[in-house]
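In what follows, a structure is listed as structure tokens, so that the remarks can point back to it.
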Amino acid sequence: MKMSTLLLHTFSMAFPIVVVVLGIMVIMGKSVFLPFFIVALVVMIVLLVLLARDKKKNPTDGK
């Protein structure tokens, strides 16, 4: 597994945790975290799209 693929997998697993934590903070009324929540949500979606494209391009890497 290449280093870029390893980083992609690591960040695509970590960003949902960040989005959940920031989402909880926004729901609790801490609106100061809203910009960070939006940015983290966009980054998470981009990473998941890149991960899906990578898996479609190299279907044998996951095995």
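For clarity, every value in this text was computed on a predicted model and none was experimentally measured.
For Val20, the side-chain contact (heavy atoms from CB on, under 4.5 Å) test picks out Ile24, with sequence neighbours left out.
Cluster membership for Val18 and Ile27, using ILVMFWY side-chain heavy atoms within less than 4.5 angstrom, is not shared. When hydrophobic clusters are built by joining Ile, Leu, Val, Met, Phe, Trp and Tyr residues whose side-chain heavy atoms come closer than 4.5 Å, directly or via intermediates, Ile45 is grouped together with Phe11. Under a hydrophobic-cluster definition in which Ile, Leu, Val, Met, Phe, Trp and Tyr are linked whenever side-chain heavy atoms come within less than 4.5 Å, directly or via other members, Met25 and Val32 are assigned to the same cluster. Hydrophobic clustering (side-chain heavy atoms under 4.5 Å, transitive across Ile, Leu, Val, Met, Phe, Trp, Tyr) groups Leu6 together with Val46. Side-chain heavy atoms closer than 4.5 Å link hydrophobic residues (I, L, V, M, F, W, Y) into clusters, and following such links, even through other members, never connects Phe33 to Val21.
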May I have the list of side-chain donor-acceptor pairs in residues 36-44 shorter than 3.5 Å, sequence neighbours left out?
none

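Between Leu51 and Ser12 the shortest heavy-atom distance is CD2-OG, 3.4 Å. The two residues Leu47 and Leu8 have their closest heavy-atom pair at CD2-CD1, 3.8 Å.
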